[in-house]
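To start, the structure under review is shown below, and the notes come after it.
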Amino acid sequence: MSAQPDGPEDRLRRLTTIWSRAVFPVTSTSLTRPEFEEQLLPLARRLSRALRARAFDAAEGEAVGAALVDAHCTAPEALSRSLDCVDAYLVLYCGEDGDQEDLRARSSRLQHAMAAGFARALRERTLAEQEAIAQAALRAQGVVAQALHASEARFRAVFEGAAIGIGIADLEGNILQVNGALLRMFGGSEQTMRGRKVQEWTHAEDAPQIWRLYEELVRGEREHYHVEKAFYRPDGTVLWTNLTVSLLRDADNNPQYQLALMEDTTERRLLNLRLRYEATHDALTGLPNRTLFFERLEKTLNSGEGRRFGLCYLDLDGFKTINDSLGHAAGDRLLVEVADRLQSCATAPGEMVARLGGDEFVALTTGPDSRREVDELAARIMNALVAPIRIDGRELTVRGSIGVVEGPVGERSAAEVLRSADITMYRAKSAGGNRFELADPEADARAITRHGLTTALPAALDRGEFFIEYQPLVRLGDGSVRGAEALVRWLHPQHGVLGPDRFIPLAEHTGLIVPLGRWVMEQSVRQAGKWRELYGDGAEGSLRINVNLSPCQLQHPGLVQDTVDILERTGVAPDALCLEVTESALIGADDDVLKPLHRLAEMGVDIALDDFGTGYSNLANLRRLPVSVLKLDRSFTRSMQQFPADPVDLKIVEGIVALAHSLDLAVTVEGVETGAQAEQLRILGCDTAQGWYYARPGPPDRLHELALADATG
Ligand code: C2E
Ligand code: CA
Ligand code: CA
């Protein structure tokens, strides 16, 4: 025994143990796990040597891949698990004294080689197997036919030597001959076989057509048939076979015997069942997994009309904290316990619990009164979580949030139902958690796009999906173009062009508004620079660009610096820029918020108070603000649409304009849609206007047209 507990040999051993544990469950071998591990040990050693060999040799990896096939690790799962294991542990256990990056590169080349070797060996093996069976069948059939005329001795030799099971019976079904392979499959003696009748070999899982085909064959109406059939062995276990039965005729072509060829598929079937089980169950908790759950849900949703279903989507509250603080092992045990408790909540027929992944579980009910049942199910689940869970001597309190969806089948797809449940669960969570909520399709529809847009926002900026439209600002006095307001749009790959009302609130919420706003400012200032180059300084000053600022941007410490940087980078004078800030963002604003605006105003940037008149307006307050423009909200213009306009509204606008002018503020009006409005507003003394009457927001060159018309007209 080595005193050193952790020598290279020990480490190699440990790697092999992990490997065999991973692969053994998907291997159809008669070996025990420790025996299997012994088989893997030389393979692990080979990989370890190849990893550290002076010259890299891919053939070593290929040989190991082929050896896996020889060791009956033929399931694709066996390969992928082996590769996972090599990927995770080979360098760790066998490459302690080398350049880690080098070793990792080698390890992945070895994995590629293993996969290639595996695939080649498997293909060769399958071909060889098929060839052998075909040969045997041919030989057997030919030989039996001959045997009817030739010597009994020669017949028996080949018959016995065949690799697949062969039996001969007469047309009444009396079994006359069976070969050794068939006896081995059944595990019986020749005595127990002979004298029995074919018709006795029924099995509960016989497909209905099996015996119809049999009858047709023995009546001489069919030459052969091929089925998958199970048999009971004498010891009660089940043998599954691929069975081919052929009719043998005598020299005068009269039906005489039936010949059965059978291939034992029991193991393959078991393997498939096990693979299917593994593919449909969660390894940690043993619960059905997402795949199986989807299958069941889809089946339910496609079941007959008039049926209903109910679904609970559970997400544990604060599981991440438990996982992070107590470790993954404790987290896993907690999930296992939760799974057990959930399982005991859904025991009625038509009920099912599954784990979707992480700390997310679902329970489905398909009973006749699903409205009531799903409510009770959710209540049972909440109740099952109440008792604390003991882990490592600690009592952990687990809470969960559940989204409940209930409804008739046939209306929505499984994915839609699950998404609705997911969204509802989030609603339960944001309401404080530890509760269940019932899905509300309207709230869902809002949340789906909200949720979807929010997650797509950051990438959209990187991918250049935003663009800016410019809407002209026109002087009411002479109709000349004063400048334009920059309005951002999102060309969403699925939803098409989205207006700012759809995503600006989300961008504010997620903080993306800061980089997005910076981008808008830079683009539009650059554009203003181009216009100024094109048209020079007009009689009443050059064109100006209005850029909207969100309240978040106002709070952002980088605002002044970013603006200065942009103006410097683009070489555009500060008076080309007007920042629009909403009235509501400035109401009650303290000096900290106003300071950056003051700084910008001092530099020569204009500040406009946007949507003026929508909030609580303390006109006297305007004096405090570094504002040079008031933008009257569209609601004022709207009230001028009918004729004659409401005289009170007219008076208000007149008053505002007078006050603004007395404070040295210019007045801009928004939403001018008709010539009558424009005329009215001009009479009231407004300075500039913006609206569809002049132009809708559009590409930058549309402003060129207007401005050019000015210059020439
Ligand atoms: P806003 O600043 O009040 O912009 C004026 C809105 O009125 C624009 O809507 C414009 O298209 C629309 N409009 C212009 N003329 C007319 C008209 O004659 N009739 C009618 N009915 N509407 C007219 P839009 O482009 O949907 O912008 C909505 C809001 O989104 C803007 O309101 C602004 O607050 C915000 N926004 C737009 N771009 C940005 C941006 O780059 N950053 C920030 N933070 N907000 C922006
Ligand atoms: Ca605006
Ligand atoms: Ca506005």
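Note that ligands are numbered from 1 as they come in the structure, with each ligand's atoms numbered from 1 the same way.
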Report yes or no: does a heavy atom of Glu673 sit under 4.0 Å from some atom of ligand 1? yes
Restricting to N, O or S atoms, which atom of Glu580 is closest to the Ca ion (ligand 2)? OE1
Quick one: report the N, O or S atom of Asp610 that is nearest to the Ca ion (ligand 2). OD2
Polar proximity ligand 1 side, Ser550 side, N/O cut 3.5 Å exclusive: yes
I'd like the atom name of the N/O/S atom in Glu485 lying closest to the Ca ion (ligand 2). OE2
What are the two closest non-hydrogen atoms of Met425 and Ser401, and how far apart are they? CG-O, 3.4 Å
Return yes when at least one N/O/S atom of Asn548 is nearer than 3.0 Å to the Ca ion (ligand 2), and no when none is. yes
Ligand 1 contacted by Arg489 (non-hydrogen, < 4.0 Å): yes
Can you tell which part of Glu670 has a heavy atom less than 4.0 Å from ligand 1: side chain, backbone, both or neither? side chain
Kindly confirm or rule out an N or O of Pro697 lying under 3.5 angstrom from an N or O of ligand 1. no
Which bit of Asp610 is near ligand 1, meaning a heavy atom under 4.0 Å away: side chain, backbone, both or neither? side chain
contact_flag Gly671 ligand 1 heavy-atom lt 4.0 Å: yes
